[in-house]
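No experiment lies behind these values; they were computed from the predicted model shown.
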Amino acid sequence: MVSTTPITLRDLAAIPVERLRGVGDKKQASLAKVDIRNLFDLVTTYPRRWIDRTNEARIADLVPGEEALVLVTIRSVTKRTTRNRRTMVNVNVGDGSGRMDLVFFNQPWRERQLKEGLHVALYGKADTYRGGLQMSNPVVDMIGDRTGKIVPIYPQSEKAQINTWEMAGWVEETLRRCAERGIADPVPERVRRRLGLIDRSEAFAGIHLPDDMKTKELARYRLAFDELLRVQLVLVLRKRALERDSLGIEHAVGGEMVQRFTASLPFPMTAAQQRTIAEINADLASGHPMHRLLQGDVGAGKTVVAVAAMLAAVDGGHQSALMAPTEVLAEQHAASVRAMLDGITVPDPDNLFGDRPLRVELLTNRVTGAARKDVLAGLADGSVDIAIGTHALIQEAVDFSSLGVVVVDEQHRFGVEQRAALREKTADGAVPDTLVMTATPIPRTAAMTVYGDLDVSILDELPPGRTPIVTMWADGPLMESGVWNDIKDEVAAGRQAYVVCPLVGESEKLEVASAEETLERLAFGELQGLRLGMLHGKLPSDEKESTMDQFRRGELDVLVATTVIEVGVDVPNATVMAILDADRFGIAQLHQLRGRVGRGQHASTCWLVTQQKEDAEGNPVVGNPRIEALVATTDGFELAEVDLDLRGEGTLMSTAQKGRSDLKLASLRRDRKLIELARAAAFDIVDSDPDLAGRPDLADELDLIFSDRDEEFLAKS
Ligand code: ADP
Ligand code: MG
């Protein structure tokens, strides 16, 4: 019996490519090399671009000096080596209207690529040369014998020996065979209608065989939406399942300790802090465990928010824990949290006064012996209310009496497993509420994909009264000398400075050498006479500590440091920073480093020092988009957007989510709006059908596309 139901992606995945005409053993092996094994792989291998032949010119119509697209046939190819040892490939091409020459410099492989008789599309600027027309180094697309107004160009791989017109032919055959039954569309009609999405069959046809560029765009939009929807569905299903399956603690929010704490603050909360605390409180009060990301730029005041959440747990008789990525940070947190909570008491019926002081304890590997025993005992019997520490907190031997709230600072430094381990220190089977704080701003929509199973709160407002840091670019030695003068002036005025050493490769050893070299150079040169100290990762920790203490106490004028000072260092009297070879750092890192100044009442400056670059002809290179972005704004979220634009999502995706291979068309950068729409659609679908029981087709598609490992990965990241 011939099936008449529409063909699903799983059906396509079940048909091996050998079933196509012209795919024998050899082509099958070639296709396997580029991971195309079945018809699903094939139809989701999308064109890299499309040539719009309606814009095509004829050779006879080419205007010298103007760019144009021409479709031509190769007539002859010759290769030679010029006197200055460059290879030069000359190609003569023609169309019905005339002929011209192409010349390719230093692309010897063109000789192999461009064979007599092939049809190619050329995009370039024609010039007159010795009386005829010539294009040098044009963009070449092999199009074979494809007709049609829009010619898709598929990714080609020389190693796989597959060309774009073969790909186009196989895709066309596949789609032709699907035409009668149509391709199944598991996305609910109401979602499609609301978003104006075209049908999936149309979309596959439209991306591979468009009649015009507009159709291609609609098709891309639809298929990109599908990719994003699938990712969001996995994340949202997982999020809802976690909420459903694990029992949380219904914290008593707005209790007395929290109120006393907020009243004791020497400043009013910013609107962003108030909003964020309200969002967290709603989570805390609910019976579902909180799983929330708190994003806030350096200095936005995340600590106050975290303390309010931790106190809510203590108010209800539970404990809380704050986990920091390094010992230094843990110690700093402990000191500042203790100071903030000074004078706050906890009800204690055994005590003569009916209460006792709130107890905050530090637990790192540096806390040893009797002190450690004491802290561990206090955690186990509940007399320690707030524990602050490093990963030492999650070791086996650490037992909490009743852990209610967990705050994880700077999550990018932790493995996902560590976070999970802390969550597993449950109180009577109830899962503690988790708040993850990060100072690395990520654009909102990217966060939706990278942290899709977390709720996100954003502290997008700095407390008032900060003097914004002025950032300047010192390009070349002349401007650099101005930087050293500025540092000397600031020191003369009683301020302090940081000098961040050039980033040298990945090796810590080289970095140490760079720090030592910089220190020496400055001590005997530009900053002679000032009191200099040095900080890098290889120093023993007590030495690091004593250098930091000296700097904090003002006994050092200038701290020459590697990127170890990126997080946590807080010296309000430091008002200048010079970052050497700043063009070697990424935007996010420069932004983090810059956050070390501008922490006090004095105006601060950050100098981005670069060595003037020259191009091949010896002209100075002007402009550096990353540096210019930092000069233009101190807003971390704005910078994150610029970063995403400049780098593409590659880096963002590759670090956090190797499993997300499904995004072939969609882009975190270009499709920001579509990500939000997909996320909303995923919530709509899951909330009306929590395990997709009524949508087996959609559920099946997720199974097909995400291996178990991917799903786990998506859910965990
Ligand atoms: P983050 O952890 O987000 O980098 P912190 O929590 O360390 O920022 O806060 C930075 C500084 O701002 C601290 O000195 C803190 O006391 C102060 N601060 C926090 N909230 C406010 C506010 N609403 N108004 C004024 N100062 C604030
Ligand atoms: Mg809760």
Side-chain angles (χ1 to χ4, degrees), residues 246-252 255 257-258 261 284 289-290 303 306-342 344-351 355-411 414-415 417-437:
S246 44
L247 176 68
I249 303 166
E250 291 177 26
H251 291 282
M257 277 180 240
V258 179
F261 165 65
L284 292 177
M290 169 168 76
T303 319
V307 168
M310 293 197 290
L311 275 184
V314 180
D315 247 331
H318 299 282
Q319 297 159 295
S320 15
L322 194 168
M323 187 158 79
T326 64
E327 292 184 343
V328 175
L329 268 179
E331 283 160 19
Q332 278 183 17
H333 273 309
S336 63
V337 171
R338 271 198 190 114
M340 276 187 206
L341 294 179
D342 191 32
I344 306 257
T345 54
V346 182
D348 180 6
D350 298 339
N351 189 294
D355 57 21
R356 60 171 175 82
L358 180 128
R359 188 167 166 207
V360 179
E361 290 292 354
L362 175 73
L363 187 67
T364 67
N365 287 335
R366 275 195 236 168
V367 179
T368 53
R372 186 179 191 86
K373 269 211 186 110
D374 189 39
V375 174
L376 290 177
L379 290 172
D381 69 16
S383 62
V384 170
D385 303 293
I386 296 181
I388 298 181
T390 51
H391 57 278
L393 279 177
I394 58 172
Q395 284 160 0
E396 292 287 320
V398 182
D399 272 324
F400 288 84
S401 155
S402 173
L403 184 56
V405 166
V406 171
V407 178
V408 182
D409 188 15
E410 301 284 356
Q411 76 97 38
F414 283 109
E417 290 72 20
Q418 289 172 305
R419 239 201 291 153
L422 194 48
R423 262 209 316 271
E424 268 147 31
K425 301 211 171 270
T426 57
D428 308 325
V431 176
D433 291 279
T434 310
L435 182 69
V436 178
M437 302 197 288

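- Under the side-chain contact (heavy atoms from CB on, under 4.5 Å) criterion, Asp348 pairs with Asp350, Asn351, Arg356, sequence neighbours left out.
- For Val384, the side-chain contact (heavy atoms from CB on, under 4.5 Å) test picks out Arg359, Glu361, Leu379, with sequence neighbours left out.
- The shortest heavy-atom contact between Ser401 and Asp381 is CB-C, 3.9 Å.
- At distances below 3.5 Å, not a single donor-acceptor pair connects side-chain atoms of Asp399 with backbone N or O atoms of Ala380.
- Atom CG of Asp315 sits about 10.0 Å away from atom OG of Ser320, to the nearest 0.5 Å.
- For the side-chain contact (heavy atoms from CB on, under 4.5 Å) test, no residue two or more places apart in sequence or in another chain qualifies with Ser336.
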Which is it for Val405 and Leu311 under the side chain to side chain contact (heavy atoms under 4.5 Å, CB included) test, yes or no, and what are the steps along the way? CA-CA 9 Å; Val405 166; Leu311 275 184; over 6 Å; no
Test log, rule side chain to side chain contact (heavy atoms under 4.5 Å, CB included), inputs Asn365 and Arg372: CA-CA 9 Å; Asn365 287 335; Arg372 186 179 191 86; 4.1 Å; yes
Full working for side chain to side chain contact (heavy atoms under 4.5 Å, CB included) between Leu358 and Val360: CA-CA 7 Å; Leu358 180 128; Val360 179; 3.5 Å; yes
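- For the side-chain contact (heavy atoms from CB on, under 4.5 Å) test, residues two or more places apart in sequence or in another chain that qualify with Asp355 are Thr345, Phe353.
- Considering every non-hydrogen atom in both Phe261 and Ala308, the closest pair reads CE2-N, 4.1 Å.
- Under a 3.5 Å cut-off, the side chain of His333 and the backbone N or O of Leu322 do not form any donor-acceptor pair.
- Here the CG atom belonging to Asp385 is positioned 9.5 Å from the CG atom belonging to Leu341, to the nearest 0.5 angstrom.
- The structure places CG of Leu284 at 5.5 Å from NE2 of His251, a figure rounded to the nearest 0.5 Å.
- Listed here is the closest heavy atom pair of Ala324 and Asp409: CA-CB, 4.3 Å.
- Taking all atoms of both residues into account, the shortest heavy-atom contact from Met437 to Ala306 is SD-CB, 3.8 Å.
- Closest approach of Arg338 and Leu362 over heavy atoms only: NH2-N, 3.8 Å.
- Of the residues Ile388, Leu393, Thr390, the one that meets the side-chain contact (heavy atoms from CB on, under 4.5 Å) test with Thr364 is Thr390.
- Across Pro347 and Met257, no two heavy atoms sit closer than the pair CD-CE, 3.8 Å.
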